[in-house]
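All remarks here apply to the structure that follows.
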2 protein chains.
Amino acid sequence: MTDKSINLTEYLIEHGIRPSFQRIKILQYLIGNKDHPTVDDIYQAVAKEVSTLSKTTVYNTLTLFTQASIIKGLRASENEIRYDPDTADHGHFKCKKCSGIYDFAVNIDTLQSDALAGFQIHEKGIYFTGICPACMENKTNSKSEEETK
Amino acid sequence: MTDKSINLTEYLIEHGIRPSFQRIKILQYLIGNKDHPTVDDIYQAVAKEVSTLSKTTVYNTLTLFTQASIIKGLRASENEIRYDPDTADHGHFKCKKCSGIYDFAVNIDTLQSDALAGFQIHEKGIYFTGICPACMENKTNSKSEEETK
DNA sequence: ATACAATTTTGTAATGATTACAAATATATT
DNA sequence: AATATATTTGTAATCATTACAAAATTGTAT
């Protein structure tokens with residue numbers, strides 16, 4: 001789901017999800033914010049438009065979307081799950097300093113290990129951690145103060 | 001840390017960790033149980049030998065070991081962190097049915113993607129999910145009942 | 001349109017893993 | 001032995017996530 005021109009309502013229907021107002025708004029936010037938002041990020045942002053929004057609805061919706069495979073939950077971060085509307089295989093790099101999460105292209109098929117013969121694989125997650133280029137330079141990092149945890 | 005003949009006390013000292021009784025027992029358990037135990041698994045088991053053991057000590061110790069890179073924390077499971085004394089690069093497969101976690105050999109170096117030029121990589125995590133061979137056969141699976149969540 | 005059924009949303013209360021913190025205990029050093 | 005330092009312990013707090021039931025919305029059939 002990358003093409004903005006696709007109608008969100010139809011997109012949901014195509015994936016067997018009834019297109020409620022809340023669901024469309026949450027999906028819209030996810031597609032417009034591919035920076036791996038947390039549940040709270042999503043809730044805070046969408047609540048500005050949908051004032052009655054409940055966090056439970058956000059959880060329900062994200063679970064629903066995940067089951068329908070239109071988004072993926074990431075476990076790159078320690079505490080919380082983050083969500084990614086890009087369901088194509090790719091890796092995630094988490095910077096230990098600024099806590100930023102970067103996507104990176106990777107040819108996951110080359111990984112295909114003989115060791116998993118006989119296993120039915122559903123998802124492939126590639127999570128790297130380390131220091132991002134920006135933080136390598138800036139010893140004094142601004143992001144780290146606001147987000148260190 | 002695979003060779004059982006290595007003295008655990010010395011092993012800890014070599015890694016800059018003071019070898020307290022609790023730390024040795026926890027390390028001993030980890031090395032003897034490479035089935036990716038949870039914090040509670042470790043606590044329950046070691047508490048049988050060290051009756052005064054506190055769960056906080058287990059957390060402290062695991063954090064210490066992880067910082068010293070003698071174990072690795074896995075996020076293959078949804079809720080909780082699991083620990084692995086095998087710090088060599090390898091993948092983890094989580095079966096959605098029986099919740100079992102399998103190690104698998106994988107040549108992570110082949111992954112090296114150009115996209116990460118300039119990034120300083122510390123850890124590489126490979127997490128697959130799906131159905132394990134045992135669960136593919138047994139439609140009625142026993143493990144799933146005890147561990148489904 | 002109207003009434004009924006099914007689905008979705010909401011709010012609150014529980015759960016459960018992890019962390020904070022300070023007192024108690026053990027260990028090392030002089 | 002005396003003192004300083006490091007470790008362990010227990011309890012209380014935190015925080016993301018889940019459970020659950022009531023309220024609101026939507027769909028369907030008459």
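Letters A, B, ... are given to chains in the order of the sequence lines, protein chains preceding strands, and every chain is numbered from 1.
- For the residue pair A/T57 / A/N60, no side-chain donor-acceptor distance below 3.5 Å is found, with atom types taken as modelled.
- For the pair B/K55 and B/D40, the salt-bridge criterion is met [side-chain N within less than 4.0 Å of a carboxylate O].
- Counting to the nearest Å, the C1' atom of D/dT18 and the CD atom of A/Q67 are 14 Å from each other.
- Straight-line distance from the CZ atom of B/R82 to the P atom of C/dA17: 11 Å, rounded to whole Å.
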(message) Checking B/Y102 against A/F119 for the ring-ring contact (aromatic ring centres under 6.0 Å, His included) test, could you report, in this order, the C-alpha distance in whole Å, the side-chain angles of both residues, the deciding distance, and whether it holds?
(response) CA-CA 10 Å; B/Y102 298 78; A/F119 287 71; 5.1 Å; yes
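- Under the 4.5 Å side-chain heavy-atom criterion for grouping Ile, Leu, Val, Met, Phe, Trp and Tyr, A/I126 is not connected to A/L74 through any hydrophobic cluster.
- Rounded to whole Å, the distance from CD on B/E80 to C1' on D/dT17 is 13 Å.
- For A/Y59, no side-chain nitrogen or oxygen approaches OP1 or OP2 of D/dT18 to under 4.0 Å.
- Rounded to whole Å, the distance from CD1 on B/I24 to C1' on D/dT7 is 13 Å.
- Ring geometry, A/F128 versus A/F104: the interplanar angle falls from 30° to 60°, so the pair is classed tilted.
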Atom pairs, protein N/O to nucleotides 7-12 of chain C N/O, distance under 3.5 Å:
{"unit_1": "C/dT8", "atom_1": "OP1", "unit_2": "A/R23", "atom_2": "NH1", "d": "2.9"}
{"unit_1": "C/dT8", "atom_1": "O5'", "unit_2": "A/R23", "atom_2": "NH2", "d": "3.4"}
{"unit_1": "C/dT9", "atom_1": "OP1", "unit_2": "A/S20", "atom_2": "OG", "d": "2.2"}
{"unit_1": "C/dT9", "atom_1": "OP1", "unit_2": "A/Q22", "atom_2": "OE1", "d": "3.3"}
{"unit_1": "C/dT9", "atom_1": "O3'", "unit_2": "A/Q22", "atom_2": "NE2", "d": "2.9"}
{"unit_1": "C/dT10", "atom_1": "OP1", "unit_2": "A/Q22", "atom_2": "NE2", "d": "3.2"}
{"unit_1": "C/dT10", "atom_1": "OP1", "unit_2": "A/T52", "atom_2": "O", "d": "3.1"}
{"unit_1": "C/dT10", "atom_1": "OP1", "unit_2": "A/T52", "atom_2": "OG1", "d": "2.7"}
{"unit_1": "C/dT10", "atom_1": "OP2", "unit_2": "A/S54", "atom_2": "N", "d": "3.2"}
{"unit_1": "C/dT10", "atom_1": "OP2", "unit_2": "A/T57", "atom_2": "OG1", "d": "2.8"}
{"unit_1": "C/dT10", "atom_1": "O5'", "unit_2": "A/T52", "atom_2": "O", "d": "3.1"}
{"unit_1": "C/dG11", "atom_1": "N7", "unit_2": "A/S54", "atom_2": "OG", "d": "3.4"}
{"unit_1": "C/dG11", "atom_1": "N7", "unit_2": "A/T56", "atom_2": "OG1", "d": "3.4"}
{"unit_1": "C/dG11", "atom_1": "O6", "unit_2": "A/T56", "atom_2": "OG1", "d": "3.0"}
{"unit_1": "C/dT12", "atom_1": "O4", "unit_2": "A/T56", "atom_2": "OG1", "d": "3.3"}

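- When the P atom of C/dG16 is taken as reference, atom CG of B/D40 falls 11 Å away, rounded to whole Å.
- No hydrogens or angles considered: nothing links the side chains of A/H36 and A/D41 as a donor-acceptor pair under 3.5 Å.
- Summary of helix geometry: the two end axes of the helix from C/dA1-D/dT30 to C/dT30-D/dA1, each defined by five base pairs via their C1' atoms, are inclined to each other by 20° (rounded to 10°).
- Summarising the geometry, atom OG1 belonging to A/T129 is positioned 11.5 Å from atom CD1 belonging to A/I101; distances are rounded to the nearest 0.5 Å.
- Contact record, A/I24 with A/P19: CD1-O, 3.6 Å, taken as the closest heavy-atom pair.
- Between B/I26 atom CD1 and D/dT7 atom C1' the separation is 12 Å, expressed in whole Å.
- Ring planes of A/Y127 and B/Y127: tilted class, angle from 30 to 60°.
- A/I42 places its CD1 atom 13 Å from the P atom of D/dA16, with the value rounded to the nearest Å.
- Between the CD1 atom of A/I81 and the C1' atom of C/dA17 there is a distance of 13 Å, rounded to whole Å.
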